[in-house]
Amino acid sequence: MTEPNPSAEAPASRIVVVMPTYNERQNLESVAARVRAALPTADLLVVDDSSPDGTGDLADKLAEADPHVQVMHRPGKAGLGKAYIAGFGWALERGYDVIVEMDADGSHQPEHLLSLVAALDYADLSIGSRWIPGGRVVNWPKTREALSRGANLYTRIMLGLGVRDATAGFRAYRAATLRAISLDRVESAGYCFQIDLTLRVADAGLRIVEVPITFVEREHGASKMSNSIIGEAFWRVAQWGVTRRLRRLGKKSYRRTRS
């Protein structure tokens, strides 16, 4: 995490919240209403991966009733990362200045949106963090909390990042940040997508700040977490960590030969 820089240019006011969905019909309407109440001038983009429960149809009805709601229909379930990349591309093409990502299951509290966006006054990426002072989780079993804390500790050790919650999926980017990190080269599909983008922002020398949030376990529907998603994150972080270490060793060797 970088220190706040009060002299940084404040973000402009065109904001879009990108919200991927897959079988979130039970949650979408209430979460969308809370998003609209928290940021009345912002737009909401629902990115639906052909949910068989009719989430996409409900999103269309919300869009018909509210011009601030937009819907992107994708042909099938291709992973969280792919859905976000599609949504980010849509937003960048339309000139939004701030792009927020959040879940549709109610775990991310829309009431934190203002603080996330305000943090971009002195950062290029703001992350809604569960694991900094003031952050917390509600209704999680101890095993799930241990998994998340352990994953973030592993990430910090392997990648040398100062971010406490690199796996967090509730965050706000300046549009310029997303343009600077080569989104077209991102291959992560599952939850390690969040780590991937955090690493890219850090490697680009951009400013990251964490904002404390309360994360609430979903009340309706099923979690998308799986062993394959966990496995993808474990191996990709290991690969990135090795690559970063080799790159540092190469730079040290080059400096020695030049001196």
Side-chain angles (χ1 to χ4, degrees), residues 1-19 35 38-39 41-45 80-81 84-85 87-92 94-103 107-137 148 151-153 155-156 159-183 185-186 188 191-215 237 240 244:
M1 172 178 163
T2 59
E3 291 299 319
N5 179 3
S7 65
E9 179 186 355
S13 58
R14 287 202 70 213
I15 303 168
V16 62
V17 178
V18 178
M19 184 184 294
V35 169
L39 290 177
T41 61
D43 291 332
L44 170 63
L45 172 66
L80 185 72
Y84 271 127
I85 293 294
F88 292 167
W90 182 95
L92 292 173
R94 287 159 179 78
Y96 286 94
D97 304 289
V98 171
I99 301 168
V100 180
E101 60 169 87
M102 67 177 291
D103 291 347
S107 57
H108 296 151
Q109 306 299 289
E111 293 72 25
H112 291 305
L113 283 166
L114 271 177
S115 59
L116 272 180
V117 171
L120 293 182
D121 285 352
Y122 48 81
D124 302 291
L125 162 62
S126 63
I127 297 175
S129 178
R130 298 158 292 186
W131 309 130
I132 62 171
R136 66 191 185 107
V137 297
S148 180
N152 278 287
L153 176 60
T155 297
R156 289 197 302 277
L159 303 182
L161 293 176
V163 176
R164 303 290 299 182
D165 199 353
T167 64
F170 194 16
R171 48 180 67 193
Y173 296 88
R174 290 174 180 254
T177 302
L178 293 178
R179 292 192 180 98
I181 60 173
S182 303
L183 288 175
R185 298 180 184 175
V186 175
S188 307
Y191 285 89
C192 71
F193 170 80
Q194 311 296 358
I195 303 171
D196 193 342
L197 263 62
T198 305
L199 180 60
R200 288 169 182 268
V201 172
D203 283 349
L206 300 175
R207 296 154 293 187
I208 302 172
V209 66
E210 295 185 83
V211 176
I213 64 164
T214 297
F215 181 99
V237 169
W240 295 330
R244 283 167 68 84

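- Taking every heavy atom of both residues into account, S126 and V211 meet most closely at CB-CG2, 4.5 Å.
- A distance of 8.5 Å separates CH2 in W131 from OG1 in T167, rounded to the nearest 0.5 Å.
- Between H108 and F215, the two ring planes are perpendicular [angle over 60°; tilted spans 30° to 60°].
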Going through the checks in order, is the side-chain contact (heavy atoms from CB on, under 4.5 Å) test met by R156 and L153?
CA-CA 5 Å; R156 289 197 302 277; L153 176 60; 3.6 Å; yes
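- Counting all heavy atoms, side chain and backbone alike, S107 lies closest to Q109 at O-NE2, 3.5 Å.
- Here CG of L197 is found 7.0 Å from CG of L178. Values are rounded to the nearest 0.5 Å.
- The heavy-atom pair separating S129 from E210 by the smallest distance is OG-OE1, 3.0 Å.
- Side-chain atoms of L92 and L183, non-hydrogen and from C-beta on, do get closer than 4.5 Å to each other.
- For the atom pair CG of D124 and OH of Y173, the computed distance is 11.5 Å after rounding to the nearest 0.5 Å.
- E101 contributes atom CD, which lies 9.0 Å from atom CD1 of I127 (distance to the nearest 0.5 angstrom).
- Rounding to the nearest 0.5 Å places OG1 of T155 at 3.5 Å from CD1 of I195.
- A pairwise comparison of heavy atoms in T214 and H112 identifies N-NE2, 3.1 Å as the closest pair.
- Taken to the nearest 0.5 Å, the OH atom of Y84 stands 8.0 Å off from the CE atom of M102.
- For A38 against L114, the heavy-atom pair with the smallest separation is O-CG, 4.0 Å.
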Step by step, would you call V100 with V117 a side-chain contact (heavy atoms from CB on, under 4.5 Å)?
CA-CA 8 Å; V100 180; V117 171; 4.1 Å; yes
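- Side-chain N or O atoms of D196 include none that pairs as donor or acceptor with a backbone N or O of C192 at under 3.5 Å.
- Of all non-hydrogen atoms in R174 and L120, the two that sit nearest each other are NH2-O, 2.7 Å.
- Panel note: side chain R14, backbone R94; a donor-acceptor pair is recorded below 3.5 Å.
- The side-chain heavy atoms of V201 and I181, taken from C-beta on, include a pair separated by under 4.5 Å.
- When I85, V16, I99 are each tested for a side chain to side chain contact (heavy atoms under 4.5 Å, CB included) with W90, only one passes: V16.
- R130 is linked by a salt bridge (Lys or Arg N to Asp or Glu O under 4.0 Å) to D165, counting only residues two or more places apart in sequence or in another chain.
- A donor-acceptor contact shorter than 3.5 Å is absent between the side chain of R136 and the backbone of P212.
- Counting heavy atoms from C-beta on, the side chains of I208 and T198 come closer than 4.5 Å.
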